[in-house]
Amino acid sequence: FLGLVSHELRTPLTVLRLQLERLRRRAPVDSSETAIVERARGATSRLHELIESLLQYAHIESGRLTVENAPLRLGGLVEEVAGHYGEIAVDKGIALNVNLLCDGDVYSDRRLLRLVLGNLVDNAVKFTDEGEVALEVEWSDEGGRIEVRDTGKGIDPEDQRRIFEPFEQLAPIRKKHLPGVGLGLPLVKEIAGSLGCRLELKSELNRGTSVILHVPRAMPG
């Protein structure tokens with residue numbers, strides 16, 4: 001059902017994104033019109049990410065997730081994801097910073113790795129009301145280490161294992177007032193495992209959360 005719905009939603013969403021792109025390239029009438037188009041583009045981008053998450057989750061559940069293996073520059077991927085979520089962070093009044101301490105190439109699936117990292121950054125921005133979200137990349141003989149760190153409210157130790165379960169939220173649906181259906185971290189966990197990656201979660205209440213993604217130089221055979 002998730003797969004069917006996701007595919008059906010893709011076509012009208014693609015048409016909407018194309019039309020918004022045409023409006024964006026046209027000479028704007030005034031600044032308010034430009035702002036409306038940019039907000040609409042941001043909303044469709046978030047919807048696209050959600051649909052893609054639902055589709056990949058459906059593939060995982062049915063055992064049909066396909067993984068490609070090709071070289072990619074880790075730092076470039078991190079900067080691409082940061083650029084995508086930068087406007088959302090600015091709208092919330094928080095900073096989104098990238099620190100490439102080191103960089104290198106890995107053999108992995110770019111599309112799936114971007115989906116994993118995008119979910120991590122999306123969660124960090126979503127649950128941070130002030131301060132910053134920081135992305136940091138380090139390198140070792142084993143591969144890359146990407147840390148997504150925020151200054152949000154943090155996660156209670158009792159909840160840290162539960163948030164990796166499908167459709168779990170840290171607040172009741174009727175109270176949370178936040179976008180999403182709780183697929184982010186469960187999807188990250190499943191896809192990361194398929195790519196041979198390892199996740200590490202660190203969080204303190206009222207101090208923030210750090211999720212570290214360990215990416216091997218090459219996926220296991």
Side-chain angles (χ1 to χ4, degrees), residues 2-3 6-7 9-11 13-14 17-18 21 41-42 44-89 96-126 133-149 164 180 183-201 211-221:
L2 288 175
S6 300
H7 278 297
L9 289 173
R10 268 180 163 180
T11 300
L13 180 60
T14 299
R17 295 179 76 186
L18 288 173
E21 188 61 29
R41 289 180 67 243
T44 56
S45 293
R46 289 184 67 87
L47 184 56
H48 172 77
E49 295 285 345
L50 175 58
I51 291 172
E52 186 66 19
S53 295
L54 288 169
L55 185 59
Q56 297 307 325
Y57 190 82
H59 288 166
I60 290 172
E61 289 292 285
S62 63
R64 294 185 298 162
L65 181 68
T66 57
V67 178
E68 298 180 358
N69 192 4
L72 65 93
R73 176 67 57 164
L74 210 54
L77 182 64
V78 169
E79 290 181 327
E80 176 186 324
V81 172
H84 179 77
Y85 288 94
E87 292 182 5
I88 301 172
L96 201 165
N97 299 312
V98 176
N99 185 17
L100 299 180
L101 298 178
C102 198
D103 199 3
D105 289 336
V106 297
Y107 280 81
S108 192
D109 188 308
R110 180 182 182 85
R111 175 178 57 88
L112 294 179
L113 194 56
R114 188 191 186 286
L115 186 61
V116 167
L117 188 57
N119 270 284
L120 293 179
V121 176
D122 183 55
N123 266 359
V125 172
K126 186 189 303 180
V133 172
L135 281 72
E136 190 170 277
V137 180
E138 293 183 314
W139 196 252
S140 69
D141 292 339
E142 288 75 27
R145 176 186 182 276
I146 306 173
E147 181 176 4
V148 181
R149 186 173 61 250
F164 284 99
L183 277 174
L185 289 179
L187 186 73
V188 164
K189 179 182 177 182
E190 294 287 346
I191 294 182
S194 300
L195 300 176
C197 300
R198 181 170 58 87
L199 279 171
E200 184 181 350
L201 175 68
V211 182
I212 302 169
L213 180 66
H214 299 272
V215 185
R217 286 182 178 268
M219 289 188 296

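Just so you know, residue 1 is the first one in the sequence shown, and it goes up from there. Remember, it's a predicted structure, so these values are computed and weren't measured experimentally.
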Cationic N near anionic O, under 4.0 Å, R41 to E21
yes

Would you indicate whether the side-chain heavy atoms of L213 and V116 approach each other to under 4.5 Å?
yes

May I ask you to test the L13-R10 pair for a side-chain heavy-atom distance under 4.5 Å?
no

List the steps and the verdict of side chain to side chain contact (heavy atoms under 4.5 Å, CB included) for V121 and L96.
CA-CA 9 Å; V121 176; L96 201 165; 4.1 Å; yes

Any S108 side-chain heavy atom under 4.5 Å of V67 side chain:
no

Closest heavy-atom pair, G118 versus Y85, reported as atoms and distance to 0.1 Å, is O-OH, 3.4 Å

CG-OG1 distance between L112 and T66, expressed to the nearest 0.5 angstrom
7.0 Å

Full working for side chain to side chain donor-acceptor pair (under 3.5 Å) between H214 and E142:
CA-CA 9 Å; H214 299 272; E142 288 75 27; over 6 Å; no

Within the distance-only criterion (no hydrogens, no angle test), does the side chain of N119 pair as donor or acceptor with the backbone N or O of L115 below 3.5 angstrom?
yes

Nearest-0.5 Å distance, CG of residue L74 to CD of residue E138
12.0 Å

Spacing of R73 atom CZ and D105 atom CG [to the nearest 0.5 Å]:
4.0 Å

Can you tell me how far the CD1 atom of I51 sits from the CG atom of L47, to the nearest 0.5 Å?
4.0 Å

Could you check L77, D109, V215 and say which one makes a side chain to side chain contact (heavy atoms under 4.5 Å, CB included) with L72?
L77

Assess whether a salt bridge exists between E80 and R114, defined as any Lys/Arg side-chain N lying under 4.0 Å from an Asp/Glu carboxylate O.
yes

R217 side chain to S140 main-chain N or O, any donor-acceptor pair under 3.5 Å?
yes

From I212 atom CD1 to L120 atom CG, the distance as rounded to the nearest 0.5 Å
11.0 Å

Under the side chain to side chain contact (heavy atoms under 4.5 Å, CB included) rule, what do R110 and L113 come out as? Steps first, then yes or no, please.
CA-CA 5 Å; R110 180 182 182 85; L113 194 56; 5.9 Å; no

Do E68 and R111 touch side chain to side chain, with heavy atoms closer than 4.5 Å?
no

Can you check whether V133 reaches N97 side chain to side chain, under 4.5 Å on heavy atoms?
no

Beyond-backbone contact of E136 with I146, side-chain heavy atoms, under 4.5 angstrom
no

So which of L135, V98, D103 actually passes side chain to side chain contact (heavy atoms under 4.5 Å, CB included) with E79?
V98

Enter the distance from L101:CG to R145:CZ here, rounded to the nearest 0.5 Å.
9.0 Å

